[in-house]
Every structure is written in C-alpha cells, then in structure tokens.
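In what follows, chains carry the letters A, B, and so on, assigned in the order in which the sequence lines appear, proteins first and then strands, with residues in each chain numbered from 1.
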Protein chains: 2
Amino acid sequence: MHQAVNELQASDRDGVTVPAIAARAGVTPSTIYRRWGDLAQLLADVAVSRMQPDTPPADTGAYRSDLLTWLEQYRDEMSSDPGRSLLRDILSAQGRDNPGRCASFCAQQLEAIAERASGRGEHPAPTDALLDGVVAPLIYRILFSADTPSTDDVTRWVDAVLERPGAGVA
Amino acid sequence: MHQAVNELQASDRDGVTVPAIAARAGVTPSTIYRRWGDLAQLLADVAVSRMQPDTPPADTGAYRSDLLTWLEQYRDEMSSDPGRSLLRDILSAQGRDNPGRCASFCAQQLEAIAERASGRGEHPAPTDALLDGVVAPLIYRILFSADTPSTDDVTRWVDAVLERPGAGVA
DNA sequence: GGGCTTAAAGCAATGGATTTGCGTTAGTGA
DNA sequence: TCACTAACGCAAATCCATTGCTTTAAGCCC
C-alpha cells in the first residue's frame, strides 16, 4: 500500500486519490477507507514511514561536526519539495500522533550522536536542548517562512546550544 | 463566508463541507470552488483571518514582562483545541503563503513590544532571535509533541534570548 | 440615465470520491 | 475440521467536485 502511494506521488500528486491508490495496490477503495478512514490518514502514515531513518548518523570523528553534518542533511531533506510535502501530510492528519513519531525519529538520531560522543569522552548537550534550540527553529523556518535556514543559521543555533553550561566538547 | 465557516466549525467539524458552508453563506458551492479552489484553501484563509491579532500586546510596564505575558497568551491560544485546528488548517493548504502570514502577525506583535520597550529606554532583543529562540520551540512543541510548553519553558527560552549580547533591559 | 465591459455568481449536468450494507475470504485457535 | 473474527470485495446509494453556459452585479464612460 505504501509503495502504491509512493509510486503515485512520484508521478503526479494531483492523481493521488483513494481510487488510484487502491487500483495501484490491487485492492478496492473501501479497503482503504475501512483501514485508514480517509486519504489524509493514509498519506500521513506513508509520510511517517518515509521519515524513518534507515542509516545511523555519519561519524565525522567529533560531536560538533557529527551534529552539524546530520542537521544540515536534515535541513536539506526537510526543505526539499518532497520533504515539505511529507511535513504537510504529517501535520494535516488529525490524531494518531504522527507528528510525535516524526519528532521521535529525530530525537533518536540526536541521541545516537550523543551516545557516540559520550563514548569518545565528549560531553554532549541534552537532546531536548537541541530539539528546542536547533530543530525547532529549523522546522519553524521551513514551515512558516519563505527562506530555508542557511548553514550559518544551523551553525549558530548549534553553537548557541553547545555554549550553554552542561554541554560541549571535553 | 468566513462567518459561515466559523459557525459550522463551532458545531461540528465533520460537517464542514463546501456544500454546507455554501448553504450557510447563501451561495452555491461552485462559487467557493471558483474562488478558493478547494475546501482546504478556504479553511486556511479563515484560519489566517482568525490568527490576526485584534488588540495590541498588553502593556505591563516592562519589556520582559510584556514578552512573557504576550507569549504565554500566545501559548494558550495556539495549544488550545481550536488553536491546534487553526494551525493544522494553515499548514495543510499548499501555496499562498498562509503560514508566512501567520508568522508575520506574530512578528508584528513582538515588534510592537520591542518598540514600546525602546520608547521606555530599554534595549529589546531582535525579533528574529525571539522567533528562533522562543516562538519556534513553542510552536514546534505544540505541533510535534504531546506536551504543551510550560510557563517555565517559555520563561527559560525568553531569558536565554534576553541574556545574549545585544539584548536586555537597560 | 443608458450602454458597454468585466468579473463574479448561479444553474444544471456530469464525473468522481466516499459511505455503507451485505456477502466472501483468510487467518487463528481449540 | 470447525467456529470465530477481522479484513476484504462488491455494488448501490449518497455526496462532493468540476465545468460549460447563462445571468447578475459592479464599474466606467458618454
């Protein structure tokens, strides 16, 4: 089912209808309505699946550059047209904690970077601080403003969090 | 038209359909489709209108408490069920810069608070810093997590911005 | 006031999506 | 194997969305 959605989205988002997805997946539309309730819920489900990371964050050798590398990649993905569509799908469907699942993928990646840093003897920042101080303005910019956060923006936000007491390289 | 939407939303969001709105507003559905394209665009339009502030921020006598007062009110509005629905409507409809208009209302209120502070001889923080440092995590929490930002959260974010060089009370 | 132009709205037909009742199928456990 | 349950398919009914054409209303000029 997810594959049917992805294939249809790749060719024409206007053609992404329940009957089209059903035909593509070899089922009848009532199956989709019975299972997901409406198109928005199915699209949100698919979007959350696509947000799920399939690789661990790149290891650059140091905590700060791990963060910057991962966050810039995250910025690039989320600010792309497909990324924006995924965010819109996730935020459109009411209920089901789709946004929460999306955010927890992000948190897990940041935790993995932090654990790797601890293993190196570095002192990583709390993940909550990074979510509030970096991910939040990054996503807020993407959602609510015309401009995409620059690399300087991301670097500034990261360094502002790392400079606070309780965080930073050893 | 906006009033018809508001009335229908107040009673039953499931009944908010183009034909129902049209009947309520005394027009035919094709009028709505011709003007707005689809239901999502109309709902976003209505949501943006409802986001527009109708009063200036309260004057508490000092910049920091002006900020805190306004931001806590903003937090309360945006985290309410109606507020969350408005955010969802705004973020669901593609194109038209609805989120940008929503964000600019917020920025204008923060600018008004800053101008009042300047008039008092205080040194307000840059509005961009408040958007990135306070509004972004506030909205991100509301959109992506199960918990609503607490008053402590808001206070902490505000003070983190005010403590940076270039901002603060005189 | 009358005529003309243009944009918006209304009407009605058509097409497509959604809902729902009922029957069928598939999977699971005893 | 049988009974139960959940999921799926089918088809009819309902509702929403689209579109061509006509009508209406507003604005401008003489």
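- Per the geometry, CD1 belonging to Ile21(B) stands 11 Å off P belonging to dC16(D), to the nearest Å.
- Checked by atom type, the side-chain pair Ser92(A)/Asp89(A) shows no donor-acceptor distance below 3.5 Å.
- Following rounding to the nearest Å, Ile32(B) (CD1) and dT18(D) (P) show an atom-to-atom distance of 12 Å.
- Here the CD1 atom belonging to Ile90(B) is positioned 10.5 Å from the CG atom belonging to Leu43(B), to the nearest 0.5 angstrom.
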**OP:** Sugar-phosphate means primed atoms, P, OP1 and OP2; the rest is base. With that split, encode nucleotides 7-12 of chain C 5' to 3' as B, S or - using protein heavy atoms under 4.0 Å.
**Re:** --SBB-
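- Remark: the Asp152(B) side chain and the Thr155(B) side chain contain no N/O donor-acceptor pair separated by less than 3.5 Å.
- Taking the salt bridge (charged side-chain N to carboxylate O under 4.0 Å, His left out) definition, one finds that Arg50(A) meets it with nothing, sequence neighbours left out.
- Between the CG atom of Asp38(A) and the C1' atom of dG16(C) there is a distance of 17 Å, rounded to whole Å.
- The salt bridge (charged side-chain N to carboxylate O under 4.0 Å, His left out) pairs that include a residue from residues 66-88 of chain A are Asp66(A)-Arg116(A), Asp66(A)-Arg120(A), where partners are two or more places apart or lie in different chains.
- One distance of note links CG of Leu8(B) with CD of Gln3(B); it measures 10.5 Å at 0.5 Å rounding.
- To the nearest angstrom, P of dA17(C) lies 15 Å from CG of Leu42(A).
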